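Report on the following structure.
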2 protein chains.
Amino acid sequence: MHSPTFSPLYRQIKELILRDLESGEWGPGDPIPSESELAGRFGVSQGTVRKAIDEMAAENLLVRQQGKGTFVATHKDPGSFFRFLRLAPNDGDLQVSQSVPLECWRAKAGADVARILALNTGAPITIVRRLLKLGDEPVVFDEIYLPSELFPDLSLDVLRSGESLYSLFETRYGVRMIRADERLRAVSADRVSAEWLQVADGSPLLLVERVTFTYGHKPVEWRRGFYSTRNYHYHNELG
Amino acid sequence: MHSPTFSPLYRQIKELILRDLESGEWGPGDPIPSESELAGRFGVSQGTVRKAIDEMAAENLLVRQQGKGTFVATHKDPGSFFRFLRLAPNDGDLQVSQSVPLECWRAKAGADVARILALNTGAPITIVRRLLKLGDEPVVFDEIYLPSELFPDLSLDVLRSGESLYSLFETRYGVRMIRADERLRAVSADRVSAEWLQVADGSPLLLVERVTFTYGHKPVEWRRGFYSTRNYHYHNELG
DNA sequence: TAGTGGTCTAGACCACCCA
DNA sequence: GGGTGGTCTAGACCACTAC
C-alpha cells in the first residue's frame, strides 16, 4: 500500500518549478537555472530534473536550446504566433498579418461571461473588438471578453502598439496564456460581422469560441472569432 | 564535424521498431517484446529502447500498460473512438453514435483526388457516403474517397458490420490510420447534404476536409464531412 | 513469485554555443 | 575552454499484473 496522493519525484520537482514560474521568479523569455544547478538545489539527480523539464517543454511552458539553456516560453517570439491561430491559406503563401483594433469598452459581466471566466455576475469586464487582416483581406472579426481586474488600463491606444495580443498581455499585464479550449461552429453572418469582413449578410462564417487559460487552469479570456473562410481555412492536425 | 544524417541511437532503434510495425510483424492490439528483450536483440541498453518507445507512445503508435507490456495501438478500443472525431454536444451528455452507410461505388480518380491520394489520374477509387447519427439526430454527412487497391472488396454490406470505419479498415484490410490533416471551412448546405442532415437548404454547415495517413506519411483516405453544428460543435484544444 | 513497465541514480561522453 | 543541454550506460529499486 501507498498513499493515494503518491507522485513520483520528478513530478514533485515539476510542481516546484511550476510554482516558481507562477510566482514570476523568471519572466517570459528568461533563462531558468541549469539542470545541474536545479538538481543540486533540490537534492536530486540531474536525470530527475531533466524529466520534469521534459514534461514542461512538451507542454510549451519551457523551451530548451542546446548549448544555451532552458527558457521560459513567450509569445514575443514571432515563430509562436500561429500557436493559437490555426489559420492557413487555401492556396498560395501566407500574407503578412495585421491586427486592427476597432473598439474597446467596459461593461459588467452577464451570467454567461461570468460563468465562463469564473467571475461574479456584474464583475467589471473589458470588451475588445478587432479585425485580423491577412494581406489586405479582413479574415477574422474577434470579440474578446477580459476581466478588467487583470487588464486595468487596456484601451484602444494600448492595443495599437502593433505587437500580438498575447505578447501585449504578457509584457504589459504579466498574464501568460498557456492553453485554450476552442469550440467551432458554422453560423450565418450577422450584420456587424458581415460588414467588417466584407461578405454578404447571411454568408456562412466559421465561429470559433475560445476560452484561454493561464497557470492553474485559470480562465482569463473569452473570445468569439468569426472567420471568413473563402480564401483561408482553419487547420488542424490529428495525431 | 559529423555526418549530416547523424541521428541518435534511440532514433535508429525507433526506426527499427517502426519497420517491424509496418511489416505487420505485430498486429493491432498485439504486445510487442519487452523492453529488456528488445535491448538485448538490438545490443543497446534498456534506457535507449525505452526512449524510442516513449516517442512512439507519444505518437499514439504504441500503448504502454504498466505490469502488462507494450501494445500496438488499435482503433478497436472504444476509448479511442473520438481520437479522430472532435465532436462534442453543446450541452448535455453525448448520445450513442451510429454510422449509417448510404452509398458505395467505384470510380476513376480525377485530378484532385489523384493528387491528394498520390495516385495516377484515372486510378480506381471507391467512394462511400455515410451518415453519422448521435442519438436520433443526423450530425455528420461524410463523403469518403479511398484507393480501391487497398480496399478491394469494400461494399455497403461490408460497411454494415457495425464497427467503426477505422477499426474495419484495420482488421479487414490491414490499413492502419495513424495521422490526419484537417481543413475546416464554413459553407452553405447543398441540396444533398441538407436533405441527409435534415436542415434547410443553404444553412451554414461546417465542412471538414480530412486527409488521413498510414505509416510513412502515405495518404490513404480523403474525406469531406459536412457537420451540422446546431447541437454539436467541433472541439479543439490548443496547448 | 516472476515478469512487465516506471523511477531514480551516478557517471561518462557528445553536440552545441559563446566568449 | 567552460558551460549548457542531449545521449547512453549499468544497476538498483518500486509499482502493477498475472498466475
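Quantities reported herein were computed from a predicted structural model and do not represent experimental measurements. Each chain gets a letter, A, B and so on, in the order its sequence line appears, and its residues count up from 1. All heavy atoms count here, side chains included; hydrogens, waters and symmetry mates do not.
Rounded to an integer number of Å, the gap from CD of Gln12(B) to P of dT7(D) is 12 Å. For the pair Phe42(A) CZ and dT7(C) P, the interatomic distance rounds to 19 Å; values are reported in whole Å. Between the CG atom of Leu38(B) and the P atom of dT9(D) there is a distance of 14 Å, given to the nearest Å. Atom-to-atom, NZ of Lys14(B) to P of dG6(D) comes out at 16 Å; the value is rounded to the nearest Å. For Leu9(B) and dA12(C), the CG to C1' distance is 15 Å, given to the nearest whole Å. Atom CG in Asp54(A) sits about 18 Å away from atom P in dT4(D), given to the nearest Å. Look at OH on Tyr10(A): it is 18 Å from P on dC14(D), rounded to the nearest Å.
For the pair Thr214(B) (side chain) and Met177(B) (backbone), a donor-acceptor distance under 3.5 Å is absent.
Note: Phe151(B) and Tyr173(B) have perpendicular aromatic rings, judged against thresholds of 30 and 60 degrees for the angle between ring planes. Note: His75(A) and Phe84(A) have tilted aromatic rings, judged against thresholds of 30 and 60 degrees for the angle between ring planes.
By the 4.0 Å N-to-carboxylate-O rule, Arg19(B) lies too far from Glu25(B) to be salt-bridged with it.
Contact check for Asn231(B) versus Glu137(B): side-chain heavy atoms found under the 4.5 Å cut-off.
For Tyr232(A), there are no ring pair (Phe, Tyr, Trp, His ring centres under 6.0 Å) partners two or more places apart in sequence or in a different chain.
Put simply, Lys51(A) has no side-chain N or O that comes within less than 4.0 Å of OP1 or OP2 on dC8(C). The phosphate of dT7(C) has neither OP1 nor OP2 within less than 4.0 Å of any side-chain N or O from Thr48(A).
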N/O to N/O distances under 3.5 Å, protein versus nucleotides 1-5 of chain C:
residue	atom	partner	partner atom	Å
dG3(C)	N2	Gly67(B)	O	3.0
dT4(C)	O2	Gly67(B)	N	3.4
dG5(C)	OP1	Thr70(B)	OG1	3.4
dG5(C)	OP2	Glu35(B)	N	2.9

